[in-house]
> 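Got a structure for you, questions after.
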Amino acid sequence: MCDCCRVLSFVCALFVIRFLGCTNVTYSGVLSSECVTQYYRMFITRRVPPRTYLYFHEATPPQQLEPRNEDSRDADKPVTIDWRIVGGSQVTIEQVPYQVLYGLYCGGTIIAPEWIITAAHCKTKETFVLAGSAQRSLAKKYRICAHFVHPLWNTTRLHSHDYDYQLVLLETAIPVTPSSRPIAIGVTEDIVEGQLVSVSGWGHTKYKQRVMQDIVRRVRVPVMAPAQCKSLPLTNYKTITPRMFCAGYLNGTKDSCQGDSGGPAVSNGKLVGLVSFGVGCAMKEQPGVYSNIPLVRGWIRQVTGLPL
C-alpha cells in the first residue's frame, strides 16, 4: 500500500471510530489531500486554532443589529407573494456575510471559516457551498470534505423534522472578510416570544417553480409562543418538539419557504435557528418552523471542537 493510501486509511478509521463510540453513527466524507489535513488536526492532534477573527455581531455596529420598526408596523398589511423570502427585500452580502448556499438549492450558515451548518433534510449529496457574494452567479465555490448529520435526525418518531441539523466541513477555509464572516451561536434566551428574527436566502420566485433567485433577500418575522404554534389548525404544528420554534405572522404576510431550507434565522446578530419546514408559503395560520440551534450547542462542540 502506498504511503498516501496508508494515511487515508488510518485517518478514515479514526474518523469512524471517534463517532461510532459515542453515537453508533457513520458520517460520510471525501478524503482529498486537503481533507486529510483537516482530519489530522481534528482527530489526531485535537488542535483548535485560536479565533483570530470577529464574529458578525462583534464586527457590526449595534444599531445595525436592531430590527427595523416597520417590520412590526406593517404586520397586518397585505403583501404580494412574489418571493420565496416572502415580504422581504434584497440585501447586500455585507448585511448577511454569514449566509451561504449549500449546493444550489439550500441555504447554510458560516459558524467558523471551515464549518457550515445547514438542515439535515437538505441531505448529504452536495459537494460544495457558495459564499462571498449576494449574487449566486458570482459567489465562490468551496468544496466539502464531510457531512455530519445529527444522529437523532428523524429517529424520534415525534416529528418528521426532529433534530434537523447538519454540520459540513470544508476542504479549505472561507476567508474572513466583510463579505464572508462567521456568526456566533446564540443562547436559548435569544428565542423569545415576539422577538423579531432575520431570515435570509435565495429561494424560488414562484411557488413550486424550480428557479432560484440570483440576489439574496431577507425578511424579519416574530417568534411565536410554542403554545400558540401548537394550537394552529394543521397537524404539522401540533407535534413540534423542543428542537423547533415557529416564527411568522398569523395573517401570513411574511415568511421563508422552499429554497431557503437550512438558511439562518438570526436574533441580535447571533444564529438561533435554521429554516426547517413550513406548509405553503406566507399563508394564513401557517408560520415557518425553525430548528432550535442553541439546544444543540453540545453536539456542535463535540463534532467541530470549536470553543463555542
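One-based numbering along the sequence shown.
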> I'd like to know whether the aromatic ring centres of F277 and H159 sit less than 6.0 Å apart in this structure.
yes
> Is the gap between the ring centers of W202 and Y105 under 6.0 Å?
no
> Would the distance check show the side chain of Q166 and the main-chain N or O of A119 forming a donor-acceptor pair, the cut-off being under 3.5 Å?
yes
> Indicate the atoms forming the closest heavy-atom contact of S160 with N154, along with that distance.
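Minimum heavy-atom separation between S160 and N154: O-OD1, 3.0 Å.
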> Has the side chain of Q99 got a donor or acceptor atom that lies under 3.5 Å from a matching backbone atom of T109?
no
> Could you give all pairs that pass the side-chain hydrogen bond (donor to acceptor under 3.5 Å, both in side chains) test and reach residues 222-231, with sequence neighbours left out?
none
> Thinking salt bridges, do E126 and R143 make one under a 4.0 Å N-O criterion?
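The answer is no: the pair does not qualify as a salt bridge.
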> Mind telling me whether F56 and Y98 have parallel, tilted or perpendicular rings, with 30° and 60° as the class edges?
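Geometry flag for F56 against Y98: perpendicular rings.
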> R297: which residues meet the side-chain hydrogen bond (donor to acceptor under 3.5 Å, both in side chains) condition with it, sequence neighbours left out?
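Checked R297 against side-chain hydrogen bond (donor to acceptor under 3.5 Å, both in side chains); zero matches.
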> Under the side-chain hydrogen bond (donor to acceptor under 3.5 Å, both in side chains) test, which residues partner S180, sequence neighbours left out?
T177
> Between R218 and S198, is a side-chain hydrogen bond (donor to acceptor under 3.5 Å, both in side chains) present by the stated rule, with each step listed?
CA-CA 7 Å; R218 180 178 64 185; S198 298; 4.8 Å; no
> Would you call W153 and H121 a side-chain contact if the rule is heavy atoms closer than 4.5 Å?
yes
> Less than 4.5 Å apart, any side-chain heavy atom of H150 and any of L167?
no
> Do V216 and V91 have side chains that approach each other closer than 4.5 Å (heavy atoms only, starting at C-beta)?
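V216 vs V91: side chains touch.
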